[in-house]
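To keep things clear, I will list the structure first and then write my remarks on it.
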Amino acid sequence: MIYQDSRLLLEVRGLCATVNGTEILKGLDLTVRSGEVHAIMGPNGSGKSTFSKILAGHSAYEVTGGTVMFEGQNLFDLAPEERARAGVFLAFQYPIEIPGVGNSQFLRLTYNTVQTHRGKEELDPLEFDDFVREKMKLLEMSPDFLERSVNEGFSGGEKKRNEILQMAMLDPRLAILDETDSGLDIDALRIVANGVNQLANKDNAIVMVTHYQRLLNYIVPDYVHVMEAGRIIKTGGKELAFELETRGYDWVGVEHKAATRAAV
Amino acid sequence: MSAPGTINAGYLESLLAGQPHLPVSPLAWLNALRAEAVERVGALTVPTLRDEEWRFTDISLLTKMPFHPVRTTISLQAADIGRFYIEEAATRLVFVDGVYAPQLSSGITDSGVAVINLEAGFGAHAAVIEPYLGRLTEFRDNVFAALNTAFLHDAALIVVPRDISVAVPVHLLFIATQKDVVSYPRCLLLAESGSAVTVIEDYVSLQEDAYFTNAVTEIALVDNARVNHIRVQREGAKAFHIANCAVSLARASNYQSVSVAFGARISRYNLNVQLAEEAECAVDGLALISGRQLADTHTCIDHAKPHAVSHQMHKCIVGGSAHAVFNGKIKVRQDAQRTDSRQSSRNLLLTSKAHVDTKPQLEIFADDVKCTHGATIGQLDNEEVFYLQSRGLSETAARNMLTYAFGAEIIERIPISSLKCQLEQTVLEQTTTQS
C-alpha cells in the first residue's frame, strides 16, 4: 500500500551485471518505499531472477555498473549474510534441500543468528518452538514440518510455505519473492499469498518477481514493472498486469522502442 | 630410510615374538588354530602398494614402529572410562589394550544368552563356538587376520539363542592405554535362528602416542536372525588401526551395520558380508578425517544365493591433507538371481590437498538382477552455501552446517540415541574446527 509518510527503502540506479561474461542487466532503475508492494514481470530471460539474486548477494553475478542503496547503505558493501541481517530477504524459486539438518534446528539457528545481529534476545529451544508454531499457523503448516530435514522430500508447495515461514520469522524490511507462485496449486497459492499479505505492513516492502499475473490476484501490487533485456521498460499500476495477461509482453517492447526512437 | 612401500625384514617375526608366551587353551582345536595362524604369518608378507588391495594405502610407516604385545596391564577404574559409556548399553565388555577387564565389565549369562569373555565360554559354548571362531575370517590369506588369530586369547563372545531378542544393546569397548603396544581385539557374535541383538564395537584411547590395534570380528547370523552392528573407530591421533570383519548371513537373516571412522593416523577396515537366500543387509559407513590421516574402507558384499538384498551408503569427509579410500565390491554369483543391490559412495573434499580414491566394483554373474551403484566426489555446493547465507548465516557457519549434514545422514542411522548424539557432537566439532 502507498503511504504518505513512507520511507525510502531501496534505490537502484543504472544497475548493470554480467554472469560468466554475458551482460544480463543493462541499466536497471527501481525505487521502493516502505509499505509498497511491487511486481516485476517480464518474459523468460529478461533478467528478473538475476536481479533478485544480485540483491541477495549471489556471487555468481558480477555487478559492472550502477548503484543499489538499501536504507541509505550501499548494498554492495555487505556480504549476503549481512544483507539478510540488515533486513533483505529472498524467497527462493528453488529452495535448497539439506538432508541431515532438521528443519527446526535450521530455523532456530537462522532466527537466533539474525536476532543476535539485530541486538535482540535469542530464544532457547522451548521458546523457539512456541514462537515458530505460532508463525506456522499463518501458513497452515502442520507441526511435523519441524521434525523433517530442511526441504527434503517437501512438495513444491511445502517448500514455498517453508520460505514464507522464514520470511515471517526473520521479519525483513525488504522481501523479494522470486517466482513464488511457480509450482503451486491453487490452494497452496492462496495459503502462501495469504501469509504474505498478513506479513505486509507500512514498514516493510515486497518485491514479487513473477512470470504470470495469477499471483497478483492474491497479492495486489501497488506498482507493476515490465522488464525486458535487463531493464525496466514500463511501470504502471495493478491494471498493467491484466493488460499483460491478455496482450502478452511484445507490445510493451514495441511501444518502448517507439518511445526511445521518438526521444532520439 | 627405506623407500615408501617397502617393508623392513623381520617385522612380522618381531610381532610374533610374544606369541609363545600365550597360555595354552584347554581346547585342542583352539591351540591348533593358533598354531596354524602362526604358520600362515610365516608364509605371508606385509602388503605394499604393489598389492592390488593395498595400492592406495601405504602402511610402510606401521612397519617402522617397534610394537610389542602388552606386558603389564594397567588397572583402570570405572571413573577413568565412564565418559565412553553408552547410556542405553548397560551390558558391557571392556578390554584394556586387548586384555579382558572383568572389573569394568558387566556381561550376561542368562537364559542361554552369553555376553562374556571367550575363556568363560569354553565350558558351555565350546561346541557352538568351534564352527565359527577363526572360520568366518579368511586368515589364511590375510596376514593381519592371521596375526590376530595367532594371538587369540581374550575375546568378546556373544551368543544369542534361538528366538531370543536381547533388548539391551551390547557395548564392546576396546581401550588403548599404552604406547608402542599392539593389541589384538577379537569378537565372535553368534545369533541363532530367529534371535535379535544390537552390538556396538567401540575403539577408544586414553593416550595420544602411537599404538597398533589389529582387530578381527566374526558375526554369524543363522536363519531369520537380526543383528544391528555399530562400529565406532575413535582411536588416538597417532594410532594404527587395522580390522577385519566377516559376516555370514543365513537364509532370511538381516544385518544392519553403521561404521564410523574418526580416529587413527592410518586405518583400514575390511568388511566381508556373505548373503544366503532372502537375506538382507544395509552396510553404511562414514569416514571423517583431517590433518594427515588416512582412512581406508574395503567392503565386499557377496551375493551367493538368490533373492538377497544389499544396500550400502559410504561417505567420506576429508579435510587437511588427509586421504580417504573406499573400495566397495559387490559380487553377484551365478546362482544369485533376483539380487537387489544398491551401492553409493559419496565423498566431500574440504580442502585442495584432501584426497579420495573411491572404487565401486560390480562383479555380476547372474542375469536377472537389479544392481545400481554410483560414486560422487565434490566440494560443497555454492548454491547451498548461498541459501544459508541468505538466511543470515556466515559463510563459515553455512559450510560447517552443510558438512555436518553430509555426515549426519549416516550417523542418523544409528539406532541408539545417546551414541547418535555423542557422534553428532563429534562431527559438529570436527567440521567446525576444520574450516
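First the proteins, then the strands, lettered A, B, ... as listed; each starts at 1.
More than 12 heavy-atom neighbours from other residues, nucleotides or ligands sit within 6.0 angstrom of NZ on B:K359. A 6.0 Å sphere centred on CG of A:D124 holds more than 12 heavy atoms belonging to other residues, nucleotides or ligands. Other residues, nucleotides and ligands contribute more than 12 heavy atoms inside 6.0 Å of the CZ atom of A:F76. Heavy-atom contacts from other residues, nucleotides or ligands closer than 6.0 Å to CZ of B:R292 number 12 or fewer. The environment of CZ in B:R226 is sparse: at most 12 heavy-atom neighbours from other residues, nucleotides or ligands sit within 6.0 Å. Annotation: B:R342, atom CZ; neighbour count of heavy atoms from other residues, nucleotides and ligands within 6.0 Å does not exceed 12. Atom CD of B:Q379 is surrounded by 12 or fewer heavy atoms from other residues, nucleotides or ligands within 6.0 Å.
Only the side chain of A:N151 comes within less than 4.5 Å of a heavy atom in chain B; its backbone stays farther off. In this structure, the portion of B:L388 lying under 4.5 Å from any heavy atom of chain A is its side chain and not its backbone. Proximity to chain A (any heavy atom under 4.5 Å) is restricted, for B:L402, to the side chain, taken from C-beta onward. Neither the backbone nor the side chain of A:A79 comes within contact range of chain B; no heavy atoms are under 4.5 Å apart. In this structure, chain B has heavy atoms under 4.5 Å from both the backbone and the side chain of A:P95.
Here the straight-line distance linking atom OH of B:Y387 with atom CZ of A:F106 works out to 4.5 Å at 0.5 Å rounding. Note that CD of A:E82 and OG of B:S394 are 10.0 Å apart. Values are rounded to the nearest 0.5 Å. With rounding to the nearest 0.5 angstrom, the OG atom of B:S390 is 9.0 Å from the CD1 atom of A:I96.
In summary, of the residues considered (B:E395, B:R391, B:Q389), a side chain to side chain contact (heavy atoms under 4.5 Å, CB included) with A:P80 occurs for B:Q389 alone.
Annotation: side chain of B:F406 is not in contact with side chain of A:V101 (no heavy-atom distance under 4.5 Å). The shortest distance between side-chain heavy atoms of B:E412 and A:P99 does not fall below 4.5 Å. Annotation: side chain of B:E384 is not in contact with side chain of A:I98 (no heavy-atom distance under 4.5 Å). B:L393 has its side chain out of reach of A:E81: every pair of non-hydrogen atoms, C-beta onward, lies at least 4.5 Å apart. A 4.5 Å side-chain heavy-atom check between A:H58 and B:E383 finds at least one atom pair inside the cut-off.
A pairwise comparison of heavy atoms in A:G100 and B:A408 identifies O-CB, 3.8 Å as the closest pair. In plain terms, the two heavy atoms of B:G392 and A:A84 that are nearest each other are N-CB, 3.5 Å.
Taking the six-membered ring for Trp and thresholds of 30 and 60 degrees, B:F386 and A:F92 have ring planes inclined between 30 and 60 degrees apart.
Between chain B and the options A:V150, A:T113, A:V88, heavy-atom pairs under 4.5 Å are most frequent for A:T113.
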